[in-house]
Number of protein chains: 2
Amino acid sequence: MPNRLTLKDVAAAAGVSQITVSRVVRGEGVVSARTRDHVTQVIQDLGFVPNKLAGALSQTRSNQVAVLIPSLVNNVFAQVLRGITEELAKAGYNPVVGVTNYDEQIEEEQLISMLSWRPAAVIMANRVHTPRTRKILENAGVPVVELMQLQREPIDMAVGFDHGAASTILVDHVVSKGHRSFGYIGWSNHDFSAASRYTAIKDRLAEKGFDLIAPDLFEMPPDMPMGKDGTRTLLSQAPEVDAIFYANDIAAIGGALHCLEQGLSVPTDLALVGYSGLQMGQALPQPLTTIRTFRYDIGRIAARNVLKSLTNTPVSKITDVGFELVEGATV
Amino acid sequence: MPNRLTLKDVAAAAGVSQITVSRVVRGEGVVSARTRDHVTQVIQDLGFVPNKLAGALSQTRSNQVAVLIPSLVNNVFAQVLRGITEELAKAGYNPVVGVTNYDEQIEEEQLISMLSWRPAAVIMANRVHTPRTRKILENAGVPVVELMQLQREPIDMAVGFDHGAASTILVDHVVSKGHRSFGYIGWSNHDFSAASRYTAIKDRLAEKGFDLIAPDLFEMPPDMPMGKDGTRTLLSQAPEVDAIFYANDIAAIGGALHCLEQGLSVPTDLALVGYSGLQMGQALPQPLTTIRTFRYDIGRIAARNVLKSLTNTPVSKITDVGFELVEGATV
DNA sequence: CTGTTAGCGCCTTCAC
DNA sequence: GTGAAGGCGCTAACAG
């Protein structure tokens with residue numbers, strides 16, 4: 001077990017004190033070039049790896065960042081996490097990942113569990129929390145970044161974009177193309193972003209005098225088969241619908257498959273509207289009309305804000321990374 | 001900062017000693033029912049959260065598990081990670097995730113960085129390591145689980161399946177359907193699984209007297225656009241090819257899109273063979289012929305083996321979760 | 001520029 | 001059944 005080496009061992013081998021080795025390891029404090037080189041050499045030779053548990057304990061803070069995301073398999077969050085991970089790695093920080101499965105109660109438990117590791121910061125890829133979670137975060141004494149959705153006052157910092165605005169633009173685009181009867185396939189849980197998207201679409205359509213038909217919402221973000229089945233169900237209940245908004249691109253692709261199988265032509269018979277701008281939707285023969293969001297950037301900026309905040313560099317409380325209407329061929 | 005409470009504070013409030021509180025918290029050692037209840041109550045009232053840094057330091061071991069995966073965005077590894085995360089969570093362990101980007105050098109750096117947190121175990125979703133990485137793992141003194149590929153002797157434990165066998169079965173199936181000229185679209189880096197898949201396909205075809213045409217291999221696992229472009233390139237260079245093996249389902253779907261656009265009928269003009277059995281490939285109008293692998297189970301079993309190993313429960317060194325030939329409609 | 005001292009918060013060991 | 005020391009490995013604060 002070579003890693004059972006401690007500062008003391010290195011110090012003894014190098015003929016200096018522990019604290020000198022510590023300074024060399026951290027690259028902080030003043031050490032003469034000579035001793036620094038010497039100690040560095042000894043560290044190399046011995047293969048010493050500092051114990052960060054002890055370091056964190058003595059500083060009462062670690063270089064781990066707690067990250068809570070609703071799902072790992074959802075590509076959107078996978079990309080957010082990738083951005084976070086890459087950016088943290090540059091500064092020598094590690095993410096500790098917790099998955100909430102879109103459940104605020106689990107989020108709360110996970111958060112408590114992670115806080116007992118005294119992370120340097122917390123990143124939450126969600127804006128809805130239990131009251132207790134909010135309170136814990138407010139008192140955690142570490143930077144907190146909430147992701148994706150900018151509406152509402154952040155606990156500490158927020159990075160994302162305005163789902164409501166994106167939905168409005170999407171609606172206007174679809175209506176401008178002449179569609180007149182609208183359906184929605186999505187989900188209905190606590191996810192604030194999804195909810196505010198649905199509401200924004202419904203409201204905007206209402207302003208223009210249109211209805212939005214959403215027969216049964218799912219309990220989870222719909223995947224491709226759910227999008228396919230949902231489309232069939234919706235069309236059987238409301239055959240007049242000539243445009244469907246989907247909660248995400250994957251579900252919309254499911255809708256496209258339904259059309260393909262049923263011989264419905266897109267967008268003449270039915271218009272399909274996605275949400276997220278995944279690469280996959282754009283690779284289809286008919287590129288999907290959707291809202292492109294910047295997941296990777298959101299992750300990176302979140303991490304960067306964490307790091308800034310930890311070094312007391314001024315950070316804006318709210319970072320709007322925007323979105324982009326992708327005018328595909330399905331509307 | 002409510003979490004600045006320590007054992008000492010709880011002990012004072014409860015009128016007992018630190019160690020008694022510690023025993024109650026851990027549920028270990030003998031404490032009378034009365035004091036236990038009392039202390040539990042005080043912990044509740046104060047909202048005490050034990051500091052695991054200190055706990056881990058004094059035990060010289062934590063309940064964090066280091067997980068190194070090549071990519072977060074690749075659905076295969078996302079699912080592996082999901083399995084790991086869910087299973088660890090049940091036992092109160094947290095994964096600390098490092099992403100290697102399919103690079104053994106980065107893997108080595110990440111590993112060293114993570115070991116300085118003295119994780120309870122290490123899970124590597126890859127079987128190729130630098131010599132130094134191997135040595136570090138052998139001496140780490142903690143359980144090590146390597147994933148996906150069963151060939152080769154594991155450092156400690158391995159969970160996965162035999163890529164070579166899967167490829168052989170795949171080849172036999174495709175040949176049995178009457179195809180006679182074969183192409184391959186994949187990648188060529190250090191990934192042992194990908195390499196052994198390619199080799200196994202090539203070898204098996206050779207045994208049957210066939211060639212395998214693989215013009216240019218990518219540096220990364222091909223995605224949908226790469227699969228699409230690769231298909232075009234390959235067919236322009238070798239128009240006689242009537243069946244293509246893809247390194248993964250996503251690339252194969254890209255191939256399907258190419259056929260759709262070019263009016264090639266599948267499998268008459270061209271057969272498409274995927275690898276992984278992603279849900280997506282099965283949702284297509286023509287379900288993809290592929291090998292289904294059990295990513296989620298691999299993750300779960302890996303985590304379970306870690307936990308067993310930590311409690312000195314006997315664990316088999318090698319766990320073969322198998323695979324499944326999916327006879328779709330594209331061959 | 002380098003070293004000494006005193007913890008960080010918990011757990012192990014050994015008394016009582 | 002409970003408690004008092006001592007130590008896990010590191011770093012902050014102060015000396016020299």
Side-chain angles (χ1 to χ4, degrees), chain A residues 1-40 42-43 46-64 92 115-120 141-142, chain B residues 1-40 42-43 46-64 92 113 115-120 141:
Chain A
M1 301 221 269
N3 291 344
R4 284 199 97 35
L5 288 172
T6 72
L7 275 188
K8 193 192 287 182
D9 302 316
V10 179
V16 296
S17 71
Q18 284 192 40
I19 188 67
T20 300
V21 181
S22 171
R23 285 179 181 131
V24 172
V25 169
R26 286 174 295 150
E28 273 177 27
V30 263
V31 183
S32 73
R34 255 227 333 235
T35 49
R36 178 180 300 280
D37 290 347
H38 177 221
V39 171
T40 306
V42 174
I43 289 175
L46 265 45
F48 168 67
V49 177
N51 183 333
K52 289 189 188 166
L53 285 173
L57 177 61
S58 76
Q59 293 182 123
T60 65
R61 184 140 306 168
S62 77
N63 68 348
Q64 296 189 140
L115 282 181
S116 64
W117 286 103
R118 302 296 187 264
V142 298
Chain B
M1 303 223 268
N3 291 344
R4 285 199 95 34
L5 286 173
T6 73
L7 277 187
K8 192 192 289 184
D9 302 316
V10 179
V16 296
S17 71
Q18 285 190 41
I19 188 62
T20 300
V21 180
S22 171
R23 285 179 181 129
V24 171
V25 169
R26 284 173 298 152
E28 274 177 27
V30 264
V31 183
S32 73
R34 253 227 337 235
T35 48
R36 178 180 300 282
D37 291 346
H38 176 220
V39 170
T40 305
V42 174
I43 288 175
L46 264 46
F48 168 66
V49 176
N51 182 334
K52 290 188 187 167
L53 284 174
L57 177 61
S58 71
Q59 292 180 124
T60 65
R61 185 140 308 166
S62 76
N63 68 349
Q64 297 190 140
S113 159
L115 282 182
S116 64
W117 286 102
R118 300 297 185 266

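Computed from heavy atoms alone, side chains included, the values below leave out hydrogens, waters and symmetry copies. Quick note on labels: first sequence line is chain A, next is B, and so on, each numbered from 1. All of these numbers come straight from a predicted model, not from anything done at the bench.
- Of the candidates D:dT11, C:dT2, C:dT12, D:dT11 carries the atom nearest the A:Ser58 side chain, counting heavy atoms from C-beta on.
- Closest contact between the side chain of A:Gln18 and the listed nucleotides C:dT12, D:dT11, C:dT2 involves D:dT11.
- Between the CG atom of A:Leu7 and the P atom of D:dG7 there is a distance of 18 Å, rounded to whole Å.
- Set against C:dT2, D:dT11, D:dT2, the side chain of B:Arg23 has D:dT2 as its closest nucleotide.
- The nearest whole Å value for the distance from the CG atom in B:Asn51 to the P atom in D:dG9 is 17 Å.
- Between A:Glu28 atom CD and D:dC10 atom P there is a gap of 15 Å when expressed in whole angstrom units.
- Computed from coordinates, the A:Leu53 CG to C:dC11 C1' distance equals 14 Å when rounded to whole Å.
- Residue B:Ala54 places its side chain closer to C:dC10 than to any other of D:dA12, D:dG1, C:dC10.
- In this structure, B:Ser17 does not reach the D:dA4 phosphate: none of its side-chain N or O atoms is under 4.0 Å from OP1 or OP2.
- Rounded to whole angstrom, the span from the CH2 atom of B:Trp117 across to the P atom of D:dC10 amounts to 12 Å.
- Between B:Ile43 atom CD1 and C:dC10 atom P there is a gap of 10 Å when expressed in whole angstrom units.
- Atom CG in A:Leu57 sits roughly 14 Å away from atom P in C:dG7 (whole-Å rounding).
- The distance between atom CG of B:Asp9 and atom C1' of C:dC10, rounded to the nearest whole Å, is 13 Å.
- A:Val30 comes within 4.0 angstrom of a nucleotide base, judged by non-hydrogen atoms across all strands.
- Put simply, CG on B:Asn51 and CG on A:Leu115 are 11.0 Å apart, with the number rounded to the nearest 0.5 Å.
- Screening B:Ile43, B:Val49, B:Val42 for a side-chain contact (heavy atoms from CB on, under 4.5 Å) involving B:Leu46 leaves a single residue, B:Val42.
- The side chain of A:Arg26 contributes an N or O atom lying less than 4.0 Å from OP1 or OP2 of D:dA12.
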Trace of the side-chain contact (heavy atoms from CB on, under 4.5 Å) decision for A:Val24 with A:Thr35: CA-CA 9 Å; A:Val24 172; A:Thr35 49; over 6 Å; no

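- Once rounded to the nearest 0.5 Å, the distance linking CH2 of A:Trp117 with CG of A:Leu53 reads 6.0 Å.
- The CZ atom of A:Arg26 sits 5.5 Å away from atom CD1 of A:Ile19, with the distance rounded to the nearest 0.5 Å.
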